[in-house]
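Structure first, then comments.
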Amino acid sequence: MLRFHLVAFVGGFLLDLVLGDPYWLPHPIRWIGRMIGAFEKHWNTLEGKTARRRGTAMVVLCLLVVGCVSFFLLFFSYRISSYLGMAVELIMTYQILATKCLKKESMKVYRYLQAEDLPGTRTAVSMIVGRDTEVLDETGLTKATIETVAENASDGVIAPMIYTAIGGPVLGFLYKTVNTMDSMVGYKNDRYLFFGRSAAKLDDVVNFLPSRISALFMILAAFLGGKEFDGKRAWRIHRRDRFLHASPNSAQTESACAGALGIQLAGDASYFGKIVKKPYIGDDLRPVEAQDICRVNKLLYISAFLCMLVLSVGILAVITLISSRC
C-alpha cells in the first residue's frame, strides 16, 4: 500500500506542476469554500459566545464532512482495485497542492506591472490577497504579491505536502479545510472576530511546524538558487524577524524570503478600510521591483522540489523498514 502511496504522492506533485488549477475543472477546495460560506451566512448572526460556539461547530462539521467523504472515496477505490485506488489518490493529491496556481496568479501581477497597467495590477493582486488593493501603488502591489507567494509557499504547497505524505489525501484535505476556513473567516474584524476565532486558532496550530520547515526549505533554496539570492542573509533575517507578525507562522517564510532577496516586506496594511499596524520584515537594501515576483517564484519551486524529495525519501525509508521486518 505504501508503494502506491509513494507513486501517488510524487505523481500528484508532478501533475500539479503540469496542469495547475484550470478554471473549468471542478475543484474540491471550491466546494469546501461554498460549504464554509453557507455555514457563515446562516450561522454568523450573533456576537460573543454564541458566535464563537457556532464558529467552533462549523469547524467540527466541516472537518467531519471532508474527512468522511475523502476517506470513503479513497477506501472504496482501493477496495475495488489497488491501481484504481492509486489513481484516485494521485488525483486527490494533485488537487491538494497549489504550486503552479500560485505561480500563475502571481505572474499575472508581474505581467500587468510590466505593461504599466495599474488598474489591472490591482485587480490581479486583489485575487490573491485579503488586504485593500485600491490604496496601493506599484511598490505596494509588488510587495503584497511577494508576501503572498512567500506565505503560501507554506500554506499552499509545503504544509499540504507534509500532511499528505504523512496521512494521505484524507489528512491533506483536512489540512486544506482548516486553511480555507481561516482564509475565509479568520479575520480579526467586527464580522469574524468571534465566529472565526476557532478556525484561526486551529490554523495556527496545524501550521506551527510546517511553517518553520517551509522557512528552512526556502533558506536552503536561497543557497541553491544562484547569485540573485543570499542564503546567509536569508538565515540571518529569518532568525531575527521570524516572529514579527501577529500570526506565529506567517513571518517564518516571509522573513526567509526578504533575507534571500535583500528587500523589506510587510509594514502597515489596509484591511476592510482600516489600517493595521505591522512591523517591517527584512532590511531595505534595495528597492522592491517587479522582477522580485519572478525571483520569489523561483524560491517557491526550488523549495517545493526539495520538500518533495525529502518526503519521498522518508516514505521510501518507511517502505524499506517495513519490508525488512516482513
Side-chain angles (χ1 to χ4, degrees), residues 102 105-106 109-110 113 121-122 124-159 179 182-183 186-189 200 203-204 207-208 210-219 221-222 229-231 233-300 303:
L102 184 55
E105 295 301 318
S106 61
V109 178
Y110 172 75
L113 286 169
T121 304
R122 288 196 174 112
V125 174
S126 70
M127 302 301 292
I128 57 174
V129 304
R131 71 190 67 179
D132 301 328
T133 59
E134 64 272 10
V135 299
L136 297 176
D137 58 11
E138 287 189 10
T139 299
L141 293 165
T142 305
K143 285 176 60 177
T145 305
I146 296 167
E147 291 165 18
T148 295
V149 175
E151 182 177 352
N152 282 283
S154 176
D155 294 357
V157 181
I158 293 177
N179 194 241
D182 179 65
S183 67
Y187 297 98
K188 293 182 178 179
N189 57 23
D203 186 76
D204 287 342
N207 280 299
F208 187 84
S211 65
R212 286 148 179 79
I213 295 170
S214 299
L216 294 178
F217 278 125
M218 188 166 285
I219 292 167
F229 306 112
D230 190 326
R233 188 172 58 224
W235 171 255
R236 178 173 60 82
I237 297 299
H238 168 68
R239 298 295 296 172
R240 188 191 75 187
D241 295 350
R242 67 190 188 278
F243 296 122
L244 295 183
H245 200 285
S247 164
N249 304 319
S250 295
Q252 297 291 326
T253 47
E254 284 187 36
S255 59
C257 174
L261 297 178
I263 59 176
Q264 192 173 71
L265 298 174
D268 298 349
S270 175
Y271 294 88
F272 304 102
K274 293 183 178 180
I275 299 296
V276 177
K277 294 289 184 180
K278 293 184 179 182
Y280 287 104
I281 295 173
D283 294 331
D284 189 13
L285 302 180
R286 62 172 179 82
V288 175
E289 59 185 16
Q291 193 64 31
D292 287 320
I293 297 175
C294 301
R295 296 183 182 115
V296 72
N297 276 301
K298 184 176 179 180
L299 284 176
L300 166 69
S303 300

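- We find the CG-CG distance between Leu265 and Asp241 to be 10.0 Å, quoted to the nearest 0.5 Å.
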side-chain contact (heavy atoms from CB on, under 4.5 Å) between Val125 and Arg122, intermediate numbers included: CA-CA 5 Å; Val125 174; Arg122 288 196 174 112; 5.9 Å; no
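- For the atom pair CD of Glu254 and OG1 of Thr148, the computed distance is 8.0 Å after rounding to the nearest 0.5 Å.
- Taking all atoms of both residues into account, the shortest heavy-atom contact from Gly262 to Leu285 is O-CB, 3.4 Å.
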Ile158/Ser303 under side-chain contact (heavy atoms from CB on, under 4.5 Å): CA gap, chis, key distance, verdict: CA-CA 8 Å; Ile158 293 177; Ser303 300; 4.0 Å; yes
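- Atoms CD and CG, on Glu134 and Leu141 in that order, are 10.5 Å from each other to the nearest 0.5 Å.
- Scanning all heavy atoms of the two residues, the minimum distance from Val296 to Ile146 falls at CG2-O, 4.1 Å.
- For Arg239 (side chain) and Arg236 (main-chain N/O), no donor-acceptor pair under 3.5 Å exists by modelled atom type.
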Derivation and outcome, side-chain contact (heavy atoms from CB on, under 4.5 Å), residues Glu138 and Leu113: CA-CA 7 Å; Glu138 287 189 10; Leu113 286 169; 4.2 Å; yes
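- Put simply, CD1 on Ile237 and CD1 on Ile281 are 10.5 Å apart, with the number rounded to the nearest 0.5 Å.
- Rounding to the nearest 0.5 Å gives a distance of 11.0 Å between OG1 of Thr121 and CG of Leu136.
- Summarising the local packing, CZ of Phe243 is surrounded by more than 12 heavy atoms from other residues, nucleotides or ligands at distances under 6.0 Å.
- Within the 4.5 Å cutoff, no side-chain heavy atoms of Glu105 are placed close to those of Asn152.
- Taking all atoms of both residues into account, the shortest heavy-atom contact from Asn249 to Phe208 is OD1-CA, 3.3 Å.
- Looking at every heavy atom in both residues, Val109 comes nearest to Ala124 through CG2-CB, 3.8 Å.
- Paired with Ser154 under the rule side chain to side chain donor-acceptor pair (under 3.5 Å), one option of Ser211, Ser250, Ser214 passes, and it is Ser214.
- Between Phe229 and Leu261, some side-chain heavy-atom pair lies under the 4.5 Å cut-off.
- When each of Met218, Arg233, Arg212, Gln252 is checked for a side chain to side chain contact (heavy atoms under 4.5 Å, CB included) with His238, only Gln252 meets the rule.
- Side-chain atoms of Asn297 and Ser106 form a donor-acceptor pair, as typed in the model, at a separation below 3.5 Å.
- To the nearest 0.5 Å, the span separating CD1 on Ile263 from CG on Asp284 amounts to 9.5 Å.
- The shortest heavy-atom contact between Ala215 and Thr253 is N-CG2, 3.7 Å.
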Asn179/Asn207 under side-chain contact (heavy atoms from CB on, under 4.5 Å): CA gap, chis, key distance, verdict: CA-CA 9 Å; Asn179 194 241; Asn207 280 299; 4.0 Å; yes
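- Ala234 and Ala222 make their closest contact through CB-CB, 4.2 Å (heavy atoms, listed as atom of the first residue, atom of the second, distance).
- Counting only heavy atoms from C-beta outward, the side chains of Thr145 and Ile128 approach each other to under 4.5 Å.
- Contact check on Asp292 versus Arg286 returns a salt bridge, with a Lys/Arg side-chain nitrogen under 4.0 Å from an Asp/Glu carboxylate oxygen.
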